S.K.: 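Got a structure for you, written out below as structure tokens; questions coming shortly.
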Amino acid sequence: MKTDRLDAPRVALGVSGGIAAYKACELLRRFTESGHQVTVVPTAAALHFVGEATWAALSGRPAAVETWENVHEVPHVRIGQQADLVVVAPATADLLAKAAHGLADDLLTNTLLTARCPVVFAPAMHTEMWEHPATQENVATLRRRGAVVLEPAVGRLTGVDTGKGRLPDPGAIFEACRRVLARGVREPDLTGKHVVISAGGTREPLDPVRYLGNHSSGKQGYALAATAAARGARVTLLSANATLPDPAGVDVVHVSTALELREAALKACADADAVVMAAAVADFRPAEYATGKIKKKDGVDPAPVALVRNPDILAELSAHRARPGQLVVGFAAETDEVLANGRAKLARKGCDLLVVNEVGGGKAFGQDVNAAVLLGADGTETEIPEGPKETLAETVWDAVVARLG
Ligand code: CTP
């Protein structure tokens, strides 16, 4: 048995009865190895997939399985009351329905009713069950009440099926929980909002093997997506050639060129409350695409590459807001005259907020830290000191939340 530190955050890990229950073992490990005190509350159905001994061994404490065991300790109330975070992974359609309707016929559903701390659900089920109006209404109810319900991932399901419904990667669920715990508030402030974020850098093909690209890693955009999900938003991440793992609870759309990004952005923004263009979009693309590899010829100089302008997606989104009050946020990567160029760019693009950061000389691109100034069209100027890209992301969302009202 472990001796827990008194200040270790207390996590109640609910596990409901789906095949993805085995992945909750990995999530549990992440919590315990990073100093959390975890009580696992598996449902009776979950124990068909992973037994009590596994939960006890991995958490260093008995699994809480029975409402009628240790009644003198009032477990059906105590676990929820004492938790700093309740996370249910996987959350089945049945568990979501029970939680939405306030049923309390086992220890996990009792725990959910007594918890006053942040609650995260990581659903996993077949696509049809996830898309069913009953499930969608239950999810909407839980979100409205302040729970963070992560969107399931897309991929291979049980058997031969593929689609939306996979449990997100345990590492990504852990990161989402860590963010929710760090915020420590019950009411996530982006609940009910749809936010669209572009990340990475576009590639403009020259021939089947070559492209014009840039150094953007996508880390800042991914940090924006992960932090927005932890604040309760429905997140669409338009990922241009980034090779980072999908953040939990985020719908990821992969694109490559500026034109593909524009199309995906216009589609995703149709019902978005806010859009953040963090991607480095190529301003130009080769005028012609060679369908075969461009070959060198001895004694012949290479032909110059003719370029044409790409559409300015940020300016277009700003000029034609898909819905009233939609907030548009841009990024400006500058190497010189950083602030002056930033102010001019904010006016030129017509967005509401512009994050201006200095790039080049090893700054920003590919790094885990960033420093910036957040300029508002309303004349505000917020200095964001050098720090993790997540911190910058949180500052952007603070400004977005303040403006969305
Ligand atoms: N952007 C865009 N479409 C483009 C180019 C840029 O939507 N064709 C967006 C970026 O996603 C970013 C912002 O515009 O949010 C600023 O990008 P940046 O590369 O700094 O600006 P440019 O428009 O390229 O301006 P300049 O060439 O003057 O630096």
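Counting starts at 1 for both ligands and their atoms, in listed order. Keep in mind it's a predicted model, so treat the numbers as computed, not measured.
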S.K.: Is any N or O atom of Asn310, backbone or side chain, closer than 3.5 Å to an N or O atom of ligand 1?
M.R.: no
S.K.: What protein heavy atom sits nearest atom 19 (O) of ligand 1, and how far off is it?
M.R.: Lys345 NZ, 4.5 Å
S.K.: Show which atoms of ligand 1 fall inside a sub-4.0 Å distance from at least one heavy-atom site of Pro311.
M.R.: 3 (N), 4 (C), 8 (N)
S.K.: Could you list which atoms of ligand 1 come closer than 4.0 Å to a heavy atom of Ala333?
M.R.: 20 (O)
S.K.: Return yes if a side-chain donor-acceptor contact under 3.5 Å exists between His215 and Ser217, otherwise no.
M.R.: no
S.K.: What atoms of ligand 1 come within less than 4.0 Å of a heavy atom belonging to Met277?
M.R.: 7 (O), 11 (O), 12 (C), 15 (O)
S.K.: Does Arg348 approach ligand 1 within less than 4.0 angstrom via side chain, backbone, both or neither, non-hydrogen atoms only?
M.R.: side chain
S.K.: So which of Val329, Ile313, Leu346 gets nearest to atom 3 (N) of ligand 1, if we judge by its closest heavy atom?
M.R.: Ile313
S.K.: What is the closest protein heavy atom to atom 27 (O) of ligand 1, and at what distance does it sit?
M.R.: Asp283 OD2, 3.4 Å
S.K.: For a quick test of your reading: what N or O donor-acceptor pairs under 3.5 Å do the side chains of residues 167-177 make, sequence neighbours left out?
M.R.:
unit_1	atom_1	unit_2	atom_2	d
Asp169	OD2	Gly171	N	3.2
Asp169	OD2	Ala172	N	3.3
Glu175	OE1	Arg178	NE	3.0
Glu175	OE1	Arg178	NH2	2.6

S.K.: Just wondering, do Cys269 and Leu317 contact through their side chains at under 4.5 Å, heavy atoms?
M.R.: yes
S.K.: Mind listing the side-chain donor-acceptor pairs of residues 286-296 below 3.5 Å, one per line with the distance, residues two or more places apart or on another chain?
M.R.:
none

S.K.: Which atoms form the tightest heavy-atom contact between Ala258 and Ala282, and what is the distance?
M.R.: CB-O, 4.2 Å
S.K.: What atoms of ligand 1 come within less than 4.0 Å of a heavy atom belonging to Gly330?
M.R.: 15 (O)
S.K.: Distance only, no hydrogens: is a donor on one side chain within 3.5 Å (strictly under) of an acceptor on the other, for Glu204 and Thr202?
M.R.: yes
S.K.: Which value, rounded to the nearest 0.5 Å, describes the distance between Arg179 atom CZ and Leu181 atom CG?
M.R.: 12.0 Å
S.K.: Please list, in number order, the atoms of ligand 1 under 4.0 Å from a heavy atom of Leu314.
M.R.: 2 (C), 7 (O), 9 (C), 13 (C), 14 (O), 15 (O)
S.K.: Does ligand 1 have a heavy atom under 4.0 Å from the side chain of Ser198, from its backbone, from both, or from neither?
M.R.: neither
S.K.: To the nearest 0.1 Å, how far is atom 16 (C) of ligand 1 from its closest protein heavy atom, and which atom is that?
M.R.: Phe331 O, 2.7 Å
S.K.: Can Asp251 and Thr236 be counted as having a side-chain donor-acceptor contact under 3.5 angstrom?
M.R.: no
S.K.: Nearest protein heavy atom to atom 6 (C) of ligand 1, by residue and atom, and its distance?
M.R.: Lys349 NZ, 3.6 Å
S.K.: Test side-chain contact (heavy atoms from CB on, under 4.5 Å) on Val253 and Leu237; report intermediate values, then the result.
M.R.: CA-CA 6 Å; Val253 179; Leu237 175 62; over 6 Å; no
S.K.: Quick one: does atom 1 (N) of ligand 1 have a protein heavy atom under 4.0 Å from it?
M.R.: yes
S.K.: Distance alone, cut at 3.5 Å: any donor-acceptor contact between the side chains of Tyr222 and Ser239?
M.R.: yes
S.K.: At a 4.0 Å threshold, what atoms of ligand 1 neighbour a non-hydrogen atom of Ala332?
M.R.: 20 (O)
S.K.: Does an N or O from Ala279, backbone or side chain, lie closer than 3.5 Å to an N or O of ligand 1?
M.R.: yes
